[in-house]
Amino acid sequence: MERVFSGIQPTGALHIGNWLGALRNWIALSERHECVYSIVDLHALTPSPPPSAEEMRRRVREVAVTLLACGLDTSRCTLFVQSEVPEHAELAWVLGCQAAMGDLQRMTQFKEKSEQAREIVGLGIFAYPVLQAADILLYKATRVPVGEDQVQHLELAREIARRFNRIYGATFPEPEPILSPTPRVFGLDGVRKMSKSLGNEIGLLEPAESVKARLAGAMTDPARKRRTDPGDPAKCNVFTWHGYFTPAAEREECAKGCRTAAIGCLDCKEVLRTHLEKVLAPMRERAAALLAEPAAVERALRAGAEKARAIARATMEEVRHRIGVR
RNA sequence: GGGCCAGUAGCUCUAAUUGGUAGAGCAGCCGAUUCCAAAUCGGCGGGUUGGAGGUUCGAAUCCUUCCUGGCCCGCCA
């Protein structure tokens with residue numbers, strides 16, 4: 001069976017964009033593969049300024065609860081917090097010695113993030129793809145689910161693996177991408193990618209009333225000025241969301257109703273909300289149960305870290321032997 | 001190691017009459033309008049003026065120091 005690795009940054013409350021783009025896929029993959037999933041807190045250290053210690057701890061807990069609330073089953077995969085397996089940092093150093101500055105400088109994400117940096121452009125943000133390569137290779141993962149924006153980083157991880165293997169002997173498999181079927185999800189403003197920092201997200205654990213209110217304010221086809229005007233679903237971001245949540249037959253009814261002005265945008269949004277709630281309501285319930293029992297979440301993460309450490313330790317021993325240290 | 005320039009709202013600032021009540025545009029939020037949203041119109045909030053200290057009745061403004069960014073020079077390899 002192939003081993004899959006994937007990581008998610010603890011950047012605060014997760015939203016439906018994260019779910020559609022990654023989380024949903026994590027769960028599906030865990031049914032067919034051996035999956036290693038990590039809450040990558042060391043990566044979350046790279047922005048400048050970094051989050052405070054309390055903020056970091058809060059985010060890690062929040063993301064853990066959300067993942068479990070989404071239905072991720074820790075008996076079928078390995079879920080752990082990156083910093084609890086120190087081998088990630090150790091392997092990152094070893095691999096970093098084989099990563100080319102020129103390659104790292106060419107990374108689109110590095111260029112973007114270094115512009116956003118408010119204080120300094122730290123080494124961490126530059127070396128980010130190296131740590132990412134270490135995350136994957138530490139578990140000798142062969143498959144990595146990636147979004148559009150991460151293919152460049154995975155390509156670099158393959159390059160680093162190749163180089164290491166050439167110098168020190170065959171150690172790492174070259175990880176292959178599993179291209180995510182979901183395109184990028186736009187936010188409530190209908191223009192920009194859904195993101196917590198832009199405030200245009202629908203949170204997975206957001207209260208139902210809040211989802212309702214904010215969905216009502218979501219951008220629709222600007223050409224449809226009056227209730228009696230016909231609309232164009234192809235120009236309406238809300239309609240693309242129907243594509244993610246509403247069954248085909250009902251979705252077609254909405255499209256037809258919109259084009260003929262038989263229904264209004266609020267009617268259309270209400271249909272979407274009904275189907276959205278079928279996904280979100282169970283998550284909220286599970287999250288509430290998990291929050292009531294934080295010790296259980298901690299236990300699950302500790303057990304996950306144990307499993308991850310066992311693999312990481314073996315890989316690192318091999319790596320140390322190959323490079324000639326210890 | 002030495003020197004020079006810069007830092008003002010989330011963003012962009014040649015706003016602040018040179019020491020006398022911290023401003024504008026965009027973004028944001030609220031309202032009107034609209035089936036909702038957008039557009040338009042109206043309104044509102046927002047800042048320890050990079051941090052700390054000092055001079056002064058009074059500091060964005062002057063002084064000291066630190067941080068961050070940019071530039072010049074020197075030294076070592």
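Computed from a predicted model, the values in this text were never measured in an experiment. Naming convention: chains lettered A, B, ... in sequence-line order (proteins, then strands); numbering from 1 in each chain.
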Q: Roughly how many Å apart are B:U65 and B:A22, using the P atom of each and rounding to a whole number?
A: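 After rounding to an integer number of Å, I get 28 Å for this pair.
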
Q: Counting only heavy atoms and a strict 4.0 angstrom limit, can you tell me which residues of residues 226-243 of chain A come near RNA chain B?
A: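 Correct list: A:R226, A:R227.
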
Q: Give me the distance, rounded to whole Å, that separates B:G53 from B:C67 when you measure between the C1' atoms they each carry.
A: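 About 15 Å, rounded to a whole number of Å.
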
Q: Side-chain contact test, heavy atoms from C-beta onward, threshold under 4.5 Å: evaluate it for A:E206 versus A:R214 and give yes or no.
A: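 A side-chain contact under 4.5 Å exists here.
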
Q: Taking atom C1' in both B:A15 and B:C41, what distance in whole Å separates the two?
A: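 About 26 Å, rounded to a whole number of Å.
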
Q: If we take the P atom in both B:A60 and B:G42, what is their distance in whole Å?
A: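 That atom pair is separated by 33 Å.
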
Q: Side-chain polar contacts of residues 313-326 of chain A - donor-acceptor pairs under 3.5 angstrom, sequence neighbours left out - could you list them?
A:
residue : atom : partner : partner atom : Å
A:T315  : OG1  : A:L138  : O            : 2.8
A:T315  : OG1  : A:I311  : O            : 3.2
A:E318  : OE1  : A:K140  : NZ           : 2.6
A:E318  : OE2  : A:R322  : NE           : 3.3
A:R320  : NE   : A:E90   : OE2          : 2.9
A:R320  : NH2  : A:E90   : OE1          : 3.1
A:R322  : NE   : A:T171  : OG1          : 2.9
A:R322  : NH1  : A:Y168  : O            : 3.3
A:R322  : NH2  : A:A170  : O            : 3.0

Q: Remember a base hit wins even if backbone is also touched, and classify A:D189 as base, sugar-phosphate or nothing at under 4.0 Å, heavy atoms.
A: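 Counting heavy atoms under 4.0 Å across all strands, no contact is made by A:D189.
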
Q: Check salt bridge (charged side-chain N to carboxylate O under 4.0 Å, His left out) between A:E87 and all other residues, then give those that pass, not counting sequence neighbours.
A: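 None.
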
Q: Measuring only between side-chain heavy atoms, which start at C-beta, is A:P47 closer than 4.5 Å to A:I125?
A: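 Not in contact.
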
Q: What range of RNA chain B does chain A touch, first nucleotide to last, counting atoms under 4.0 Å from its heavy atoms?
A: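 So the contact region on RNA chain B extends B:G10 to B:G69.
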
Q: A:H88 and A:F80: ring pair (Phe, Tyr, Trp, His ring centres under 6.0 Å), yes or no, with the steps?
A: CA-CA 12 Å; A:H88 285 258; A:F80 70 102; 5.7 Å; yes

Q: Taking the C1' atom in each of B:U61 and B:A16, what is the distance between them to the nearest angstrom?
A: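 Comparing C1' positions in B:U61 and B:A16 gives a spacing of 10 Å.
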
Q: Go through RNA chain B and write down every stem, that is, every run of at least three consecutive Watson-Crick or G-U wobble pairs with distances under 3.5 Å, as range with range.
A: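 The stems that RNA chain B takes part in, listed by first number, are B:1-7 with B:67-73, B:10-13 with B:23-26, B:28-32 with B:40-44, B:50-54 with B:62-66.
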
Q: Suppose we screen for side chain to side chain donor-acceptor pair (under 3.5 Å). Which residues come up paired with A:Q132, at least two apart in sequence or across chains?
A: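 Counting only residues at least two positions away or on another chain, A:Q132 forms a side chain to side chain donor-acceptor pair (under 3.5 Å) with A:Q150, A:H153.
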
Q: So, A:H15 side chain and A:G17 main chain: donor-acceptor pair closer than 3.5 Å or not?
A: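 Indeed, once roles are kept as given, a pair shorter than 3.5 Å links the two residues.
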
Q: Are any of the side-chain heavy atoms of A:S38 and A:D135 separated by less than 4.5 Å?
A: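 Not touching, per the 4.5 Å side-chain cut-off.
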
Q: Tell me, please, which residues at least two apart from A:S114 pass side chain to side chain donor-acceptor pair (under 3.5 Å).
A: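 Partners of A:S114 under the side chain to side chain donor-acceptor pair (under 3.5 Å) test: none.
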
Q: For A:R118, which contact category applies under a 4.0 Å heavy-atom criterion: base, sugar-phosphate, or nothing?
A: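 The answer is sugar-phosphate, as A:R118 gets under 4.0 Å only of primed atoms, P, OP1 or OP2.
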
Q: How far, in whole Å, is B:C29 from B:A37 if one measures between their P atoms?
A: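 Nearest-Å result for B:A37 against B:C29 at atom P: 12 Å.
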
Q: Both A:T220 and A:R192 contact RNA chain B. Which one's nearest nucleotide lies toward the 5' end?
A: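 Going by which nucleotide is closer to the 5' end, it is A:R192.
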
Q: Partners of A:R224 by side chain to side chain donor-acceptor pair (under 3.5 Å), sequence neighbours excluded?
A: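 Here no residue qualifies.
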
Q: Do you know the tightest heavy-atom contact between A:P49 and A:R118?
A: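 Where A:P49 meets A:R118 most closely, the heavy atoms are CD-CB, 4.0 Å.
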
Q: Here's a test of your reading of the structure: between A:V121 and A:D267, which maps to the more 5' nucleotide of RNA chain B?
A: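 The residue whose closest nucleotide sits nearer the 5' end is A:D267.
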
Q: Between B:U21 and B:C73, how far is it from one P atom to the other, in whole Å?
A: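 Here B:U21 and B:C73 have their P atoms 43 Å from each other.
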
Q: Which ones in residues 244-266 of chain A lie close to RNA chain B, meaning a heavy atom under 4.0 Å from one of its atoms?
A: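 Heavy-atom cutoff 4.0 Å gives A:G264, A:C265, A:L266.
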
Q: Can any side-chain N or O of A:Y37 pair as donor or acceptor with the backbone N or O of A:W26 at less than 3.5 Å?
A: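 It does hold such a pair.
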
Q: Going by heavy atoms closer than 4.0 Å, what residues in residues 42-53 of chain A are next to RNA chain B?
A: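 Those residues whose heavy atoms fall under 4.0 Å from RNA chain B, taken from residues 42-53 of chain A, amount to none.
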
Q: What distance separates A:Q9 CD from A:Y128 OH, expressed to the nearest 0.5 Å?
A: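 A:Q9 atom CD to A:Y128 atom OH measures 4.0 Å (nearest 0.5 Å).
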
Q: Do A:K111 and A:E115 meet the salt-bridge criterion of a basic N to acidic O distance under 4.0 Å?
A: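 Between A:K111 and A:E115 there is no salt bridge, as every charged N stays at least 4.0 Å from the carboxylate O atoms.
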
Q: Can you list everything that forms a side chain to side chain donor-acceptor pair (under 3.5 Å) with A:R299? Sequence neighbours excluded, please.
A: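 Per chain and number, A:R299 pairs via side chain to side chain donor-acceptor pair (under 3.5 Å) with no residue.
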
Q: Considering only atom C1', compute the distance from B:G7 to B:C75 and round it to an integer number of Å.
A: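 Per the computed distance, 30 Å lies between those C1' atoms.
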
Q: Minimum heavy-atom separation for A:K307 to A:C77, with atom names?
A: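 Where A:K307 meets A:C77 most closely, the heavy atoms are NZ-O, 3.1 Å.
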
Q: Which way is the base of B:U18 turned, syn or anti, if we draw the line at 90° from 0?
A: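 It is syn.
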
Q: Go through the structure and list residues passing side chain to side chain contact (heavy atoms under 4.5 Å, CB included) with A:K212, not counting sequence neighbours.
A: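 Only A:E270, A:R273 meet the side chain to side chain contact (heavy atoms under 4.5 Å, CB included) criterion with A:K212.
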
